[in-house]
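For reference, the structure is listed below as structure tokens.
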Amino acid sequence: MARIIPLSEGSFTVDGTKQFVPFDDRKDQLGARPAGSLLVEIQPFLVITDRDILLIDTGLGFRNPDGILQLHQNLIDNGINPMEVTKVLMSHLHKDHSGGVISTDPVTGERSLSFPHATYYVSKPELDYAFANDGKSYHKEDFDLLAQRDNIVFTEGKGTIDGYIHYEWSGGHCPFHQVFLVDDGEDKVFFGGDEAPQISQMRSRFVAKYDYDGKRASELRQEYMERGKAGDWTFLFYHDTKQPTTKFQI
């Protein structure tokens, strides 16, 4: 049976500058942020199966006050050694999903993959697109080592990893976004990234202006929800720290 661990990095506001500003709803006022700011919750996931310790997306990559990569600290707090992660599955490479791909030593400045013993699974056309569109949503310094290391597996289209991790391109949120279904024979765990970011969007016909193809993304949410009902999937919501997981009932 798969064990699911949400790895919340907290809440942030983000405006047109694409800068993520920490937001504490116990003391911060959303109205005090720049006009048009969105409130975004950030939450990678760990899925532990009898074969792997899977990390799905890597958060913003910030360090806590002790200088430790927050993603590493979240793993440690859950009894997991970050060096034991075996696979890193990347839905796409926008800043809020790929910030933790690379870790920069605060003393030496040396840059390395944050999970050096893991195999990273990345959409090759997404990486190419991200390099070509370096700027507000993509920051190539967050992921450029992916093109230089040998523990990277590039995915394209639709396929299966080790016979039980299924991936497919979705293309709603960004052109080469991919989603994952982990099926270990007992549980089916679905990660839709920003095609299925939070439960409220799944239940509505929401069309987001920030999606590459908002209409397709909206349609995909309905499609995945119906497939999930039929297949008894557990959904993981990257942008919903209040309800990280759910199963939709038929």
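- Checked by atom type, the side-chain pair R221/S204 shows no donor-acceptor distance below 3.5 Å.
- Of the candidates V101, L113, D142, V101 is the only one forming a side chain to side chain contact (heavy atoms under 4.5 Å, CB included) with T58.
- One side chain, H177 or S170, offers a donor N or O that lies under 3.5 Å from an acceptor on the other.
- Partners of D187 under the side chain to side chain donor-acceptor pair (under 3.5 Å) rule, at least two apart in sequence or in another chain, do not exist in this structure.
- Dense packing is recorded around CD of Q148, with more than 12 heavy atoms of other residues, nucleotides or ligands lying under 6.0 Å away.
- Applying the side-chain contact (heavy atoms from CB on, under 4.5 Å) criterion to Q73, with sequence neighbours excluded, gives N64, I68, Q70, I76, D77.
- Here E41 pairs with K242 in a salt bridge; the nearest charged N to carboxylate O distance falls below 4.0 Å.
- Between the OG1 atom in T234 and the CZ atom in F190 there is a gap of 12.0 Å [rounded to 0.5 Å].
- Among residue pairs with one or both ends in residues 148-169, those qualifying as salt bridge (charged side-chain N to carboxylate O under 4.0 Å, His left out) are K87-D162, E168-R227; sequence neighbours excluded.
- For CZ of F131, the number of neighbouring non-hydrogen atoms (other residues, nucleotides, ligands) closer than 6.0 Å is greater than 12.
- Between K188 and D232 there is no salt bridge, since no side-chain N of the basic residue sits under 4.0 Å from a carboxylate O of the acidic one.
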Exercise. In sequence, state the C-alpha distance, the side-chain angles, and the governing distance for E126 and M90, and then conclude on side-chain contact (heavy atoms from CB on, under 4.5 Å).
Key: CA-CA 10 Å; E126 169 70 0; M90 297 299 302; over 6 Å; no

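- Between the side chains of S123 and Q178, no donor N or O sits under 3.5 Å from an acceptor N or O.
- A donor-acceptor contact under 3.5 angstrom links the side chains of D52 and Y164, judged on distance only.
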